[in-house]
Structure formats: C-alpha cells, structure tokens
Participant: 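There's a structure below that I have some questions on.
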Amino acid sequence: MSTSSSSQRPLSSHWHPLYLADQVRELDRRTIDAEGDGFALMRRAGESAYEALCARWPGIRRICVLCGGGNNGGDGYMVAALAAADGVAVELVALKPVAELAGDARRAAELAAEAGVVPVAWNDELTLDGELMVDAMLGTGAHGAPRPPYAAAISEVNASGCPVMALDVPSGVDVDTGHVETEAVAATLTVTFVGDKLGLHTGAALDVVGDVIYAPLGVDPRSHGDIAPVAWLQTRQDLARALPPRKPGSHKGIYGHVLVVAGAPGMGGAALMTSEMVARVGAGKVSLATDAAHVSASLTRFPEIMARGVRGAPDLEAMIESADTVAIGPGIGNGAWGQAALRSVLDAGKPCVVDADALNLLAREESGVHRDDWVLTPHPGEAGRLLGISTAEVERDRRDAVIALQRRWGGTVVLKGAGTLVYDGDRLTLCPFGNPGMASGGMGDALTGIIAGLSGQLASLGEAARIGVLLHALAADAAALDAGERGLLATDLASYARTLANPRPVSSHADHA
C-alpha cells in the first residue's frame, strides 16, 4: 500500500492540522535556521512541558525524569532543570550517558547539572522514585519495538503506578501511525511540540497517550504552505457550521428520500436501528426494504418509516427508483437475499452508503467495483477483507489503509475504530471523539443511518460522511456522560443525535411574540 496522498487542503480555517514526524522535523529545522539558535526552541519546549506539568499536578514535590539521547532527551533535561530550580526534588535517570550527548541536548544536560540535578545511569535493578514520571526516552524518530535498555525502562515506568507525562510522544508509540509494536509508556498526559502528530490521535496510541496538549512553541505550521498536513482533526464546532437552523419555508422534499435496504430473515434489528437514525438526523423521507417478517415490527416502532417486505430484485427496483440515496448492508447476510439486494442497488447507480454484510459481499467480487458516488464504512476487519490483507496490517498503519481503500474502491471511505478516519480521495479527516462504550452491537448500523440521513442535507456524500462520523461520536459521548460507557447501546444514541443535529438558533419568531 502506498503511504502518499494528495495535498491536504484545509476544509476551513478552523480545522486543526496533523503532520508526520519528518514534516515536524523540517519545521524544527526551518525555525532553528530562522532564529539561529536551536537551544532556544528546546528551552521553549521544556518551559511549555513544565507549565503543563504544574497545571495538571499543582503542588507536586518529587518527579522522576527518564531521558534518552537526542532532542527528546534534551527536552527532558530542560524539564528537570526547571523543576529543580523551582524547588522540586528531581531524580533524573539517564538511559544514554551524559558524556555521549551532543549539541543542544548536551547543553540542556549541563543546565540541569547547574540546577543541582545529578543523573543516575539506568540499570535493571533501579527503583524509580517520584510522585510523577516524565518520559523523555524515545522521540518521534523511534520506530518498531523499543530496544534495551528502553524496553525495560518502559515496563518499569508502567509498573510504577504513578501518573506519567510524556514529552512529544509516549516512548514505544509510532508517532506517524499510532502503532504500538510491543509495549509503550502509558501516559496520563502527552505534551507534543511544534506540529501536532497524526499518530497521537488514532489506533493503539489512544490507549496510552492520555490527554494530548499541543504546544506550538511559537511556530505556525500553516504558514509553511509547502508542508501540507496529512490530515485534519475535527472539532465540536463543525456540527453547527454544517447543520445550521432550517429555513421557515422548508419541506420534506428538500432533505432527501433515503431507502434503507437491511434486515434479511432473522436480522430485523439492524434494519430498525439504521432506519431510525436516518429519520432522527432529519432526512425528509425514509423507506425501508426488508424481509416481510420485519414489517409489522417496523410499523409498530416507527410508523413514520415506510416499510415494505421484499423477496427479491423485482420488489426492490421500484423502491430504489424513488429514492435519492440508498443505505445497504446492515443485517442483509451473505445469502441469496443479501446478494440480490446488493446487486440491485449497485446496478441502479444511485448514491449509496455501504456497510456490514454488503462490504463482505463486495470483498468477494471477482471483478472490481470502483465508484465515486458511495460511502464505504468498514471496521478494520472488513477493511482487511476489502484490501486482501489482515486486520493487524490495517491497524498497523490506518492512514495508509484508508488511502488504499479509497484508491481501490473509490468514493469516500470511513475507516472506523479508535480515531475514525474519513478519506474522499482529496482530504483526510480524523474524528477525536467517541468512547469505549461504543464497542457494542449495532453501533455501525447507527452510523450508516446517520450518514445516509445527512446525505440529502449536505453538499456531498463526503461531507455527509465527515459530519456523520462526528455526530455519531458526539452522540455516544453525550450518552456516556449521562449514564456511563458500560452498557451503552446503539439505540441510546438516537435522542442525542437528534439534539446535536439541531443547533440552537440565534433568534426565532417566538422571541418576538
């Protein structure tokens, strides 16, 4: 799979850019060249990190700083120097001998020594002492499994039971991909410098980065037009910008007619969950094509949804013809019913959102299908089947995988999981919201319905995918905030999704009554 992508132009000025390590190193180099002093940048990094430390853990009196070589270790020495000057007791563990340090890192070590910090060389019998661990061992240039002595130090930090602040990236995390090969420092807080990094926000890294603080250190990455961000981080404000209050003259015909094709025999729940979400986020009309056995349940639960039992392609064709967008996949199965339904939808050429069983059926297609007018929403296992690789390979480099999926299948691809990625062939966006409570059945069906329901309200399917992913995640966060993550169900999201899809108007006719 190729790791390159097209230029990542901003969707709007408020979007937060994400970069790869090589790009941030180039920003470092340019800043140092412009200022003529690399140590000044290191000093600012140390000051920003220590400021974050004091804000998060006020009154801390003992810290343990673990320093490797290079600039990451130098940042650690700066934190140690600042803490010692502030009266904090500092144990500094040197994983690389101070005598072997060079350049700005050596200067930072000398500054720490002037503040009275005496380094202790790492050994496997060492007991780490402090109320807080500061990880400055492996920086953004590290890839693969940590080697000795770093592997042992990482394990010792994690076994300490203390909170941890990581500088730039937790040691053991690949900052470009978010992959963790073996073990990584489990940080409570990560302070990252100059440019925010993609790998801190997706994949296995989310288990270990803790809260992420971005400290630009006086550098504006977006002023360097030739260093294009590889992705853009979404914000809560994107919902209000994308979904303004409706105009008084609105009618159902302008918000889209969505057909949900879901629910083979015995799988009616998926059909109902998907259809409800289409309606709750504001589609003008919702039709459901499902197995006849599920129609009565649909009419009882959602009389607003036009449900019809279908036995094969002839029953489905007229329903597809009248729809603007088709959502297909949840609960259609891999048998004859699902195969016929998918073939009918693909042959009709309508814009569609494809999920679940429909993705697995696509992966079995001998002749490739490539379309611009669809959204594919695979989880990592489905993504692996669509690419002919393992789930582990998908998770090793999620950005690479979503780009490869879009190039292979076209349209817009939503790679679900921790730090969901959305790529439309031009721009890659990352959703930083959502929670572990979403690891329950039906969440993917809910997302399919949300994206399809927004398709008639936004300018493109790509925009519907981006905003749909954001709305889905924020609805889950709101539901979890109210009642907790454990036991969160897909059907719990419906009322929250509706609320979030309705920004508060600045004024209304009622204000003047």
Side-chain angles (χ1 to χ4, degrees), residues 19-53 63-85 90-122 134-144 146-150 153-154 165-176 185 190-197 214-221 224 227:
Y19 298 90
L20 301 180
D22 284 347
Q23 294 177 301
V24 177
R25 280 192 285 273
E26 175 61 16
L27 290 168
D28 282 349
R29 186 193 67 77
R30 293 182 184 185
T31 302
I32 292 168
D33 286 350
E35 297 181 356
D37 183 4
F39 191 63
L41 190 64
M42 183 172 287
R43 184 185 292 274
R44 295 201 295 272
E47 290 169 346
S48 293
Y50 187 61
E51 181 181 343
L53 184 158
I63 67 172
C64 177
V65 184
L66 296 96
C67 295
N71 288 341
N72 190 248
D75 295 340
Y77 282 102
M78 285 299 309
V79 170
L82 292 166
V90 179
E91 178 186 48
L92 194 149
V93 179
L95 284 96
K96 183 172 184 177
V98 173
E100 297 179 13
L101 298 177
D104 295 330
R106 181 63 176 267
R107 289 182 64 186
E110 292 169 352
L111 198 64
E114 292 172 9
V117 179
V118 179
V120 177
W122 168 265
V134 178
D135 168 24
M137 292 185 285
L138 296 173
T140 61
H143 300 281
R147 296 187 294 271
Y150 295 96
I154 289 170
M165 182 176 75
L167 303 186
D168 225 6
V169 55
S171 295
V173 171
D174 187 316
V175 78
D176 285 343
V185 165
T190 298
V191 184
T192 198
F193 308 119
V194 178
D196 203 353
K197 288 87 175 171
Y214 164 50
L217 308 185
V219 180
D220 180 8
H224 298 263
I227 301 180

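All heavy atoms count here, side chains included; hydrogens, waters and symmetry mates do not. What you see is a predicted model, and the numbers here were worked out from it, not measured in a lab.
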Participant: Let me see the working for Ile227 and Arg30 under side-chain contact (heavy atoms from CB on, under 4.5 Å), right down to the final yes or no.
Facilitator: CA-CA 11 Å; Ile227 301 180; Arg30 293 182 184 185; 3.7 Å; yes

Participant: Go through the steps to decide whether Val24 and Lys197 satisfy the test side-chain contact (heavy atoms from CB on, under 4.5 Å), and finish with yes or no.
Facilitator: CA-CA 8 Å; Val24 177; Lys197 288 87 175 171; 4.0 Å; yes

Participant: Out of curiosity, Asp104 CG to Leu41 CG, how far, rounded to the nearest 0.5 Å?
Facilitator: 8.5 Å

Participant: Side chain to side chain donor-acceptor pair (under 3.5 Å): which pairs involve residues 32-49, sequence neighbours left out?
Facilitator: Arg29-Asp33, Glu35-Arg44

Participant: Which pair of heavy atoms, one from Ala115 and one from Ala85, lies closest together, and at what distance?
Facilitator: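 In this case the closest contact between Ala115 and Ala85 is CB-N, 4.5 Å.
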
Participant: For Arg106, check side chain to side chain donor-acceptor pair (under 3.5 Å) against everything at least two apart and list the hits.
Facilitator: none

Participant: Of all residues at least two apart in sequence or in a different chain, which pass the side chain to side chain donor-acceptor pair (under 3.5 Å) check with Tyr19?
Facilitator: none

Participant: Any side-chain heavy-atom pair from Phe193 and Asn71 closer than 4.5 angstrom?
Facilitator: no

Participant: Indicate the atoms forming the closest heavy-atom contact of Ala112 with Ala81, along with that distance.
Facilitator: CA-CB, 3.7 Å

Participant: Taking all non-hydrogen atoms of both residues into account, name the closest pair between Gly76 and Val65 and its distance.
Facilitator: O-CG1, 3.5 Å

Participant: Do Tyr77 and Leu111 come close enough that some side-chain heavy atom pair is under 4.5 Å?
Facilitator: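 With C-beta onward as the side chain, the pair stays apart.
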
Participant: Among residues at least two apart in sequence or on other chains, which ones pass side chain to side chain contact (heavy atoms under 4.5 Å, CB included) with Asn72?
Facilitator: Ala136, Leu167, Asp168

Participant: List the residues meeting ring pair (Phe, Tyr, Trp, His ring centres under 6.0 Å) with Tyr214, not counting sequence neighbours, and say none if there are none.
Facilitator: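 His16.
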
Participant: Indicate yes or no for a side-chain donor-acceptor contact from Gln23 to the backbone of Leu20 under 3.5 Å, with no hydrogens or angles considered.
Facilitator: yes

Participant: Restricting to salt bridge (Lys or Arg N to Asp or Glu O under 4.0 Å), what partner residues turn up for Asp220, sequence neighbours left out?
Facilitator: none

Participant: Taking only residues two or more places apart in sequence, or in another chain, which ones meet Asp75 in a side chain to side chain donor-acceptor pair (under 3.5 Å)?
Facilitator: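 Residues passing side chain to side chain donor-acceptor pair (under 3.5 Å) with Asp75: none at all.
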
Participant: Taking salt bridge (Lys or Arg N to Asp or Glu O under 4.0 Å) as the definition, give me every residue that meets it alongside Asp174, ordered by chain and number, with sequence neighbours left out.
Facilitator: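 Partners of Asp174 by the salt bridge (Lys or Arg N to Asp or Glu O under 4.0 Å) criterion come out as none, since no residue qualifies.
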
Participant: Taking the side chain as every heavy atom from C-beta outward, state whether Leu27 and His224 have any pair of such atoms under 4.5 Å apart.
Facilitator: yes

Participant: Taking side chain to side chain contact (heavy atoms under 4.5 Å, CB included) as the test, write out the residues that go with Ala21, two or more places apart.
Facilitator: Arg25, Thr140, Val175, Asp176

Participant: Of all heavy-atom pairs between Leu138 and Gly172, which one has the smallest distance, and what is that distance?
Facilitator: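 Scanning both residues completely, I find the closest heavy atoms to be CD1-N, 4.3 Å.
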
Participant: Do the side chains of Cys64 and Val93 get nearer than 4.5 Å, heavy atoms only?
Facilitator: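 Answer yes - side chains close enough.
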
Participant: Just wondering, are more than 12 heavy atoms of other shown residues or ligands nearer than 6.0 Å to CD in Glu51?
Facilitator: no

Participant: Can you name the closest pair of heavy atoms from Met42 and Ala105 and give their distance?
Facilitator: CE-N, 4.0 Å

Participant: Kindly write out the residues that satisfy side chain to side chain contact (heavy atoms under 4.5 Å, CB included) with Ala153, not counting sequence neighbours, or none if the list is empty.
Facilitator: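 Side chain to side chain contact (heavy atoms under 4.5 Å, CB included) check on Ala153 returns Leu66, Leu95, Trp122, Met137.
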
Participant: Taking all atoms of both residues into account, what is the closest heavy-atom pair of Val90 and Ala83, and its distance?
Facilitator: CG2-CB, 3.8 Å

Participant: Taking only residues two or more places apart in sequence or in another chain, which ones pass side chain to side chain contact (heavy atoms under 4.5 Å, CB included) with Ala166?
Facilitator: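 Checked Ala166 against side chain to side chain contact (heavy atoms under 4.5 Å, CB included); matches are Asp135, Pro170, Ala187, Thr190.
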
